[in-house]
Amino acid sequence: MTTAAPLPADQLASLANADTQRLAARMAQDVFAGVFRQAATPDAAPYVGVLGEVAAHCANWCRAGGSDEARALRLALLISGLDQWGLAYTQAFKLEAIHPLTALIGGLRTRLEARDEALFQKYFEQIAAVEADAIDFKVDLRRAIHLALWHAMAACETAEQVAGIVQPLGSLMLALNEQMPTLGWRLLADALANIQIGLLSGSAPASALAEEGTQQLFASLRHALPGERYQAILAYSGQAVVGWQQARQAAAH
């Protein structure tokens, strides 16, 4: 299976086009990174003021939507992204909670009037329930989460630390495959392609531990996934890597 069937139509694209969806994924990543740093720094300034600025920035971006529906969808994308980053990091680093993140999400929700809350809830549930809806957001979001954890694994200094991240990263990938039985394999293929590109391009630590951890990750997916699905993921990611190599060679000439 080297070619993929056409994607179903994204029913949310008329309210948030591909560029808006990708921007929402990047914003969720940037906001989470700042909040996580705040949570991980014991002597950081009290986070209430910082969170107020972040929340205002998020709210301003959501208000820039062209309708009540577009504004609600922007918020649903943003909070869905923050939720998924939070879940990934609490699992990978065995945290009980990320309190500034909880406070930020709660603050964004409490600003909503009843009608806006109902719209938000509708889109938040639709993003989770319909695989093809907000697909550009989902691809970029999960690529960033998986790559962030892989980079953290690649920077580990012991085999135990590597295994401590490979296991939850593999679990996250398998859970995504179950949550998105039709399209999840594409998101996994995209992530694996970008991991391979990271190794080939030298953009991540190319230590023996990093390579061993990457092999462990691929092996765990191969054992856990049905053979046909794993081969489809390998073929799709392989095409992406070859395309990247060809583009880089063309640029060098």
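- Formation of a donor-acceptor pair under 3.5 Å by the Asn194 side chain with backbone atoms of Asp190 is found in this model.
- Within the 4.5 Å cutoff, no side-chain heavy atoms of Phe36 are placed close to those of Pro100.
- Distance check, rounded to the nearest 0.5 Å: CG of Leu192 to CE of Met173 gives 5.0 Å.
- Across all their heavy atoms, Ala152 and Phe93 have their closest contact at CB-CZ, 4.1 Å.
- Between the His57 side chain and the Glu53 main chain, no donor and acceptor come within less than 3.5 Å of each other.
- One side chain, Asp10 or Gln21, offers a donor N or O that lies under 3.5 Å from an acceptor on the other.
- Clustering ILVMFWY residues whenever any of their side-chain heavy atoms sit less than 4.5 angstrom apart, transitively, puts Ile79 in a cluster other than the one holding Val130.
- Residues that satisfy the side chain to side chain contact (heavy atoms under 4.5 Å, CB included) test with Ser67, not counting sequence neighbours, are Leu15, Glu69, Ala70.
- The CD1 atom of Ile98 sits 9.0 Å away from the OH atom of Tyr89 when rounded to the nearest 0.5 Å.
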So Val166 and Gln215, side-chain contact (heavy atoms from CB on, under 4.5 Å) or not? Walk me through it. CA-CA 10 Å; Val166 167; Gln215 289 170 0; over 6 Å; no
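- Side-chain contact check for Gln216 and Glu212: at least one donor-acceptor pair (N or O, by modelled atom type) lies under 3.5 Å.
- At distances below 3.5 Å, at least one donor-acceptor pair connects side-chain atoms of Lys138 with backbone N or O atoms of Ile127.
- Annotation for Met27: hydrophobic cluster partners, listed by chain and number, are Leu23, Trp61, Leu78 (ILVMFWY side-chain heavy atoms under 4.5 Å, direct or chained).
- Under the side chain to side chain contact (heavy atoms under 4.5 Å, CB included) criterion, Ala132 pairs with Pro8, Leu183, not counting sequence neighbours.
- A side-chain donor-acceptor contact under 3.5 Å links Asn60 to the backbone of Ala56.
- Residue pairs satisfying the ring-ring contact (aromatic ring centres under 6.0 Å, His included) criterion with at least one member in residues 152-182, sequence neighbours excluded, are absent.
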Test side-chain contact (heavy atoms from CB on, under 4.5 Å) on Glu125 and Gln121 and set out the steps. CA-CA 6 Å; Glu125 292 172 1; Gln121 196 64 41; 3.2 Å; yes
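- When each of Leu169, Ile165, Leu209, Leu217 is paired with Met153, the side-chain contact (heavy atoms from CB on, under 4.5 Å) condition holds for Ile165 and for no other.
- Think of Val242 as one node in a network of Ile, Leu, Val, Met, Phe, Trp and Tyr side chains linked at under 4.5 Å; it has no links at all.
- Smallest separation of non-hydrogen atoms from Ala189 and Tyr236: CB-CD2, 3.5 Å.
- In this structure, Leu95 is a member of the same hydrophobic cluster as Val31, with clusters built from ILVMFWY side-chain heavy atoms closer than 4.5 Å.
- The pair Asp116-Arg71 does not count as a salt bridge, with every side-chain nitrogen at least 4.0 angstrom from each carboxylate oxygen.
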Intermediate values then yes/no, side-chain contact (heavy atoms from CB on, under 4.5 Å), Ile233 and Leu221: CA-CA 10 Å; Ile233 289 170; Leu221 293 174; over 6 Å; no
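- Only one option out of Asp30, Leu104, Leu82 pairs with Val35 in a side-chain contact (heavy atoms from CB on, under 4.5 Å); it is Leu104.
- For the atom pair Leu112 CG and Leu119 CG, the distance stands at 9.5 Å (nearest 0.5 Å).
- Atom CZ of Arg229 is separated from atom CG of Asn177 by 4.5 Å, given to the nearest 0.5 angstrom.
- Applying the side chain to side chain donor-acceptor pair (under 3.5 Å) definition to pairs two or more places apart or across chains, those involving residues 159-173 are Gln167-Ser171.
- In this structure, Arg186 and Val139 have side chains that are not in contact, with every pair of non-hydrogen atoms separated by 4.5 Å or more.
- What you find for Trp185 and Ala232 is that their closest heavy atoms are CZ3-O, 3.7 Å.
- Interatomic distance, Arg143 CZ to Leu188 CG, rounded to the nearest 0.5 Å: 13.0 Å.
- Here Ile195 contributes atom CD1 and Leu200 contributes atom CG; the two are 12.0 Å apart, rounded to the nearest 0.5 Å.
- Taking every heavy atom of both residues into account, Leu174 and Ala224 meet most closely at CD1-CB, 3.5 Å.
- Remark: the Ser80 side chain and the Asp83 side chain contain no N/O donor-acceptor pair separated by less than 3.5 Å.
- Between the side chains of Gln231 and Arg222, no donor-acceptor pair of N or O atoms lies under 3.5 Å.
- Taking the six-membered ring for Trp and thresholds of 30 and 60 degrees, Phe32 and Trp85 have nearly parallel ring planes, at less than 30 degrees apart.
- Contact record, Gly198 with Trp150: C-CH2, 4.1 Å, taken as the closest heavy-atom pair.
- Asp133 contributes no side-chain N or O that, together with a main-chain N or O of Gln126, makes up a donor-acceptor pair within less than 3.5 Å.
- In this structure, Phe218 and Gln196 have side chains that are in contact, with non-hydrogen atoms separated by less than 4.5 Å.
- Here the closest non-hydrogen pair linking Gly81 and Leu141 is CA-CD1, 3.7 Å.
- Here the side chain of Glu131 pairs a donor or acceptor atom with the backbone of Thr182 at under 3.5 angstrom.
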